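Encoded as structure tokens, the structure appears first; notes follow it.
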2 protein chains.
Amino acid sequence: MQAQKDAVQLLKHAGLRVTPQREAILQFLLDYDGHATVDDIYTSLQDRFPSMSVSTVYNTVKQLSQVGLVKEIGVGDGASRFDINVEPHHHLVCTRCGALFDFYLEEPIRLSVPPEAEGFEVEDYHVEVRGVCPRCKKQQVS
Amino acid sequence: MQAQKDAVQLLKHAGLRVTPQREAILQFLLDYDGHATVDDIYTSLQDRFPSMSVSTVYNTVKQLSQVGLVKEIGVGDGASRFDINVEPHHHLVCTRCGALFDFYLEEPIRLSVPPEAEGFEVEDYHVEVRGVCPRCKKQQVS
DNA sequence: CTCCCTGCAAATCCTTTGCATACAG
DNA sequence: CTGTATGCAAAGGATTTGCAGGGAG
């Protein structure tokens, strides 16, 4: 099976031990269309791994994100979400329903740092655009 | 006293009832140099309002941010922070020490939204730049 | 064989909620 | 007066931690 092998390879290549749980979690994220929360992962894998604990999911996603296989995105309140898309990209967040969409910047940001932060070494940045998604716009009383 | 009056005026102007706690909280934020957490506010006002409860602080900052007197910023993990600077601006976050700096964009972002989000109505956006602040850079073992 | 991962439960942190009382307008 | 804010305590959700046993390399 191609997909399963991918997860294993990715883990090995990242220098992580390959355990059934890790493989399943990574595979789940690879297949998942969207941005999964820890709970999404945990719940969805209950069938196959009834004994898997939440902390394992937390441990795993934390390590996956440390080795750069996934990206943690924490927008607004509630649970963090995990994104298999590790390319630099950003997010639209619907303030009504919480939906999350990826988007890309047409050009990189240019920032002017204040004197106190002179010399700040930028590692990464993330743009969170808040607004109303098309679906919620339609449902608005007009 | 000039400063105290400011807080009262701001509250009145925003249509909020003026209570001693609200006045103190808003005043604290006006004077605070940085981005205070609920706990910062709560702790700092313990002297003057030993009986003030945490929920009052939460209630108050929530309302202040609803009327636009402060801005809530939630970066990464941990507690939300509140910013008296309500102009559109963005933040540098130090991944080592958690320090937070304001910055401004030299020009607004231009985004390309994906087809699924066609028609997304942008209300606001916030850029979170992660990296190493000058102080932490110096302390790095070199 | 060794060390890391897992599972479990408890703990922690941040935030919200319900309700009775007190106070601003 | 009336309605809202306050204080208190308890609940809630997300995440972390400690520890013993199990499995990967």
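In what follows, chains carry the letters A, B, and so on, assigned in the order in which the sequence lines appear, proteins first and then strands, with residues in each chain numbered from 1. From a predicted model like this one, the values you see are computed outputs, not experimental measurements.
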In whole Å, what is the span from the [atom1] atom of [X] to the [atom2] atom of [N]?
{"X": "A:Asn59", "N": "D:dG18", "atom1": "CG", "atom2": "C1'", "answer": "12 Å"}
{"X": "A:Ile41", "N": "C:dT6", "atom1": "CD1", "atom2": "P", "answer": "13 Å"}
{"X": "A:Gln46", "N": "C:dT6", "atom1": "CD", "atom2": "P", "answer": "15 Å"}
{"X": "A:Arg81", "N": "D:dA14", "atom1": "CZ", "atom2": "C1'", "answer": "13 Å"}
{"X": "A:Leu11", "N": "C:dT6", "atom1": "CG", "atom2": "P", "answer": "10 Å"}
{"X": "A:Ile25", "N": "C:dT6", "atom1": "CD1", "atom2": "C1'", "answer": "11 Å"}
{"X": "A:Glu23", "N": "C:dC5", "atom1": "CD", "atom2": "P", "answer": "16 Å"}
{"X": "A:Phe82", "N": "D:dT15", "atom1": "CZ", "atom2": "P", "answer": "7 Å"}

- Assign A:Val18 to base, sugar-phosphate, or nothing according to its heavy-atom contacts below 4.0 angstrom with the strands shown. sugar-phosphate

- May I ask you to say what B:Thr37 touches in the nucleic acid, namely base, sugar-phosphate or nothing, with a heavy-atom cut-off under 4.0 Å? nothing

Nearest listed nucleotide, side chain of [X], among [options]:
{"X": "A:Tyr58", "options": "C:dG7, C:dG25, D:dA14", "result": "D:dA14"}
{"X": "B:Ala79", "options": "C:dT15, D:dT15, C:dT6", "result": "C:dT15"}
{"X": "B:Met52", "options": "C:dC5, C:dG7, D:dG7", "result": "D:dG7"}

Non-hydrogen side-chain atoms of [X] and [Y] separated by less than 4.5 Å:
{"X": "A:Leu105", "Y": "A:Tyr125", "value": "yes"}
{"X": "A:Glu128", "Y": "A:His90", "value": "no"}
{"X": "A:Val38", "Y": "A:Tyr58", "value": "yes"}

May I ask you to verify if any side-chain N or O of [X] is less than 4.0 angstrom from the OP1 or OP2 atom of [N]?
{"X": "B:Gln21", "N": "D:dG7", "answer": "yes"}
{"X": "B:Thr56", "N": "D:dG7", "answer": "yes"}
{"X": "A:Ser53", "N": "C:dT6", "answer": "no"}
{"X": "B:Thr19", "N": "D:dT6", "answer": "yes"}
{"X": "A:Gln63", "N": "C:dC4", "answer": "no"}

- Task: For the residue pair A:Phe120 and B:Phe101, categorise the inter-ring angle as parallel (less than 30°), tilted (30 to 60°) or perpendicular (more than 60°).
- Result: perpendicular

- Query: Any idea how B:His91 and B:His89 line up, ring-wise: parallel (<30°), tilted (30 to 60°), or perpendicular (>60°)?
  - Reply: perpendicular

- Assert: residue with more 5' nearest nucleotide on DNA chain C, out of B:Val38 and B:Pro20, is B:Val38

- Message: Both B:Arg17 and B:Asp39 contact DNA chain C. Which one's nearest nucleotide lies toward the 5' end?
- Response: B:Asp39

- Message: Does A:Ser55 contact C:dC8 through a side-chain donor or acceptor facing the base, at a distance under 3.5 Å?
- Response: yes

- Message: Quick one, A:Thr37 with A:Asp40, criterion side-chain contact (heavy atoms from CB on, under 4.5 Å). Give me CA distance, side-chain angles, the key distance, then yes/no.
- Response: CA-CA 5 Å; A:Thr37 61; A:Asp40 291 334; 3.1 Å; yes

